[in-house]
Trainee: 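Let me begin by handing over the structure; questions about it come next.
Each chain gets a letter, A, B and so on, in the order the sequences are listed, and its residues count up from 1.
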Amino acid sequence: MPVEIRPETFSLVHFDATEIRAIVEQLVEVIGLPAASVTIEVDETTLLAHAQVTSTDPIVIAVESGALEDPKVVGQLNATATADVLGKLLLSAKDRLDPAFGEAPADADLTLSEVAAWETYCIGRLGRLGHHVQRQRRLYQFRNRHGFTDAADAAFDALWTADGLTWADISAISNQATA
Amino acid sequence: MRKSFPVEDLARDERFVRVPLATRINDPRNAQAADSGSSGRRGAGRLTPERPDAPDAARALMHGIFVGEIQALEGAGRTCWDFEVGSGNGEGIPEVPFELKLDMARQCWDEARHCEISIKLSGHMGTELGEFSENTFLYEAACNPDPVLRLTGVNRALEGLAIDVFNTMREFGEVAGDPVLEFCEDWMLADEVTHVKMGSDWLRKLTADDKPRQERALEFQRVVDKLFSLGGFRGEEDDSPVRLARRFRELAGFKEDEMDTLAEIAKEAREEMEAIAEANRPAVAH
């Protein structure tokens, strides 16, 4: 599957498009994406860290440079963070492309709780695909959106270890945790 | 053991990486933030749970607190050691009253406890030690050879910033419903109020009969305060992630006009950061 990185050359950060492409190609292979192509649009003019899927077929991901940056070295790419951020979004894109997953709301319409629940499901799978993931960091994010309770922790575990969930499943687990 | 330990020689293991403040300030991407009306280094505004990136922003801030606690411990420890016991009132003489050393020893005890609490909080939040870069400007303020200037810079400016940060984190924990974060920050905040009050009290005592020295100390505090405002990261603007904790600063001995001045200093720091970003704009346009 063709993978395109935009821009090809970076001038404000020390990112290497070839390195990003290699990471994405590896992710695409292990995730098994059905899309025709993947494009990663990196906004190097901002140090903020927002990232989102702007199209699912072909897949287009818009990401601010801070999301891919090494938190210890200004302007340097961090391969682990890149795989974490882009892997999570590619898995969510794969979910949206799967008819069995069901119709999830548009990203802009998702609540913070729903975002945290879906991300937990994505990152849990990414970890099982062999990528380094931070379970406690994700649990903390999930607790912030669902409460610091045993029920929330149980919901987190259910999402983190799951495969083959539908949007209805994710939504129900999220809602139960906050009930 | 040598006196006045240089920042380059602080003991850190391989997990810790230092990034100078100038490197961050001169990042050409700050120009984009100026274009959009908010500083990228300040982030996406005030730290509240409603921010989509709030949990990660809190993690990064908590790591900053952790390395700040290490440096505060190192700074207070140095002050215990670097000066001889004496009246502390002499111009240019590196002497301090024994009671000041005792206060610094107590502060070391507090800071060591804060390090332990910060490590446990980092674990609670899913942060690995050394996950974020370290900036050593806190310790650098603790290297002033005049004990009065050092205490003013560290205990009034540095620990004053700690009051603002801990209060912000305490409120964040409270609103997010995180009892662990709220409880820990509340206890550390109480200690910081004491530390700032120590600085205020010693500044008054040691310079009671030496107004020029007092003025030098307060000027040093203003310099450190501007640095610690981090280009508007700490301030009273609506989008400042860390806000001045006026009530707690009052408890620590700050007068209303001093806090007004600090708010002005923070505003100046923000304007200067925006000017730097403006100067870097051609690089972005290119």
Trainee: Just so I know, are the side chains of A/Arg128 and A/Ile123 near enough to count as touching, which here means a heavy-atom distance under 4.5 Å?
Mentor: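 When only atoms from C-beta onward are counted, A/Ile123 and A/Arg128 do not touch, as no gap falls below 4.5 Å.
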Trainee: Hey, do the aromatic rings of A/Phe101 and A/Trp118 have their centres closer than 6.0 Å?
Mentor: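 Centroid distance A/Phe101-A/Trp118: below 6.0 Å, so yes.
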Trainee: So for A/Val115, is it side chain, backbone, both, or neither that comes closer than 4.5 Å to the heavy atoms of chain B?
Mentor: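 For A/Val115, neither part sits under 4.5 Å from chain B.
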Trainee: Heavy-atom cut-off 4.5 Å, strictly under: side chain, backbone, both or neither for B/His124 against chain A?
Mentor: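 Looking at B/His124, backbone and side chain both touch chain A.
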Trainee: Ion pair present between B/Lys226 and B/Glu272, side-chain N to carboxylate O less than 4.0 angstrom?
Mentor: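 Here B/Lys226 pairs with B/Glu272 in a salt bridge, since their nearest N and O are under 4.0 Å apart.
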Trainee: Taking atom CD of A/Glu41 as the centre, report whether more than 12 heavy atoms of other residues, nucleotides or ligands fall under 6.0 Å from it.
Mentor: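 For A/Glu41, atom CD is crowded (more than 12 foreign heavy atoms under 6.0 Å).
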Trainee: Counting N and O atoms only, with roles assigned by atom type, does the side chain of A/Asp109 sit under 3.5 Å from a partner on the main chain of A/Pro105, one being a donor and the other an acceptor?
Mentor: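 Not confirmed, A/Asp109 side chain does not pair with A/Pro105 backbone.
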Trainee: Which residues in residues 86-96 of chain A have any heavy atom lying under 4.5 Å from a heavy atom of chain B?
Mentor: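 So no residue qualifies.
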Trainee: For chain A, which residues from residues 157-177 of chain B lie under 4.5 Å away (heavy-atom distances)?
Mentor: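 Only B/Phe172, B/Ala176, B/Gly177 of residues 157-177 of chain B have a heavy atom under 4.5 Å from chain A.
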Trainee: State, without any angle test, whether B/Gln71 and B/Glu140 hold a side-chain donor-acceptor pair at a distance under 3.5 Å.
Mentor: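 There is no such pair between these side chains.
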Trainee: Donor-acceptor pair, distance only, cut-off 3.5 Å: does the side chain of A/Thr178 make one with the backbone of A/Ser174?
Mentor: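 Between the backbone of A/Ser174 and the side chain of A/Thr178 there is a qualifying donor-acceptor contact (under 3.5 Å).
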Trainee: Given a strict heavy-atom distance threshold of 4.5 Å, which part of A/Ser65 is in contact with chain B: side chain, backbone, both, or neither?
Mentor: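 The answer is both parts of A/Ser65.
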Trainee: Judged by atom type as modelled, is there a donor-acceptor pair below 3.5 Å linking the side chain of A/Glu64 to the main-chain atoms of A/Ala49?
Mentor: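 Side chain of A/Glu64 to backbone of A/Ala49, a donor-acceptor pair under 3.5 Å: yes, one is there.
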Trainee: Quick check: are there more than 12 heavy atoms from other residues, nucleotides or ligands sitting under 6.0 Å from NZ of A/Lys72?
Mentor: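 Buried by this count: over 12 neighbours within 6.0 Å.
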Trainee: Counting only heavy atoms closer than 4.5 Å, note whether B/Ala60 contacts chain A via side chain, backbone, both or neither.
Mentor: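 Interface part for B/Ala60: neither.
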Trainee: Distance under 6.0 Å and angle within 45° of the ring axis: does A/Arg138 meet both against A/Tyr140?
Mentor: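 Ring-cation test returns no.
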Trainee: For B/Glu131, which atoms come within 4.5 Å of any heavy atom of chain A: side chain, backbone, both, or neither?
Mentor: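 Both backbone and side chain.
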Trainee: So does A/Glu114 get a backbone contact from the side chain of A/Thr111, meaning a donor-acceptor N/O pair under 3.5 Å?
Mentor: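 Such a contact is found between A/Thr111 side chain and A/Glu114 backbone.
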Trainee: With the threshold set at 4.0 Å, does a side-chain nitrogen-carboxylate oxygen contact exist between A/Arg145 and A/Glu119?
Mentor: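 Salt bridge flag = no for A/Glu119 with A/Arg145.
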Trainee: I need the contact set between residues 179-193 of chain B and chain A: heavy-atom distance under 4.5 Å, sorted by residue number.
Mentor: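 If one takes a 4.5 Å heavy-atom cut-off, the residues of residues 179-193 of chain B near chain A are B/Pro179, B/Leu181.
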Trainee: Would you mind writing out the side-chain donor-acceptor pairs for residues 154-165 of chain A within the sub-3.5 Å range, not counting sequence neighbours?
Mentor:
residue: A/Asp157; atom: OD1; partner: A/Arg135; partner atom: NH2; Å: 2.5
residue: A/Thr161; atom: OG1; partner: A/Asp157; partner atom: O; Å: 2.7

Trainee: Which region of A/Leu112, side chain (C-beta onward) or backbone (N, CA, C, O), has a non-hydrogen atom less than 4.5 Å from a non-hydrogen atom of chain B, or is it both or neither?
Mentor: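 Contact with chain B is through the side chain of A/Leu112 alone.
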Trainee: Non-hydrogen atoms of chain B under 4.5 Å away: do they reach the side chain of A/Glu44, the backbone, both or neither?
Mentor: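 Answer is backbone: N, CA, C or O of A/Glu44 sit under 4.5 Å from chain B.
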Trainee: Give a yes or no on whether a salt bridge exists between A/Glu69 and B/Arg29, defined as a side-chain N under 4.0 angstrom from a carboxylate O.
Mentor: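 Yes, charged N to carboxylate O under 4.0 Å.
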Trainee: Can you tell me if B/Glu116 has over 12 outside heavy atoms packed within less than 6.0 Å of its CD?
Mentor: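 At most 12 heavy atoms, drawn from other residues, nucleotides or ligands, come within 6.0 Å of this atom.
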Trainee: With a 4.5 angstrom heavy-atom cut-off, is it the side chain or the backbone of A/Gln134 that approaches chain B, or both, or neither?
Mentor: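 Side chain of A/Gln134 only, per the 4.5 Å heavy-atom cut-off to chain B.
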Trainee: Are A/Leu77 and A/Thr82 side-chain neighbours, meaning at least one heavy-atom pair lies under 4.5 Å?
Mentor: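 Sidechains of A/Thr82 and A/Leu77: in contact.
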Trainee: For residues B/Asp9 and B/Pro6, determine if any side-chain heavy atom of one lies less than 4.5 Å from a side-chain heavy atom of the other.
Mentor: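 Answer yes - side chains close enough.
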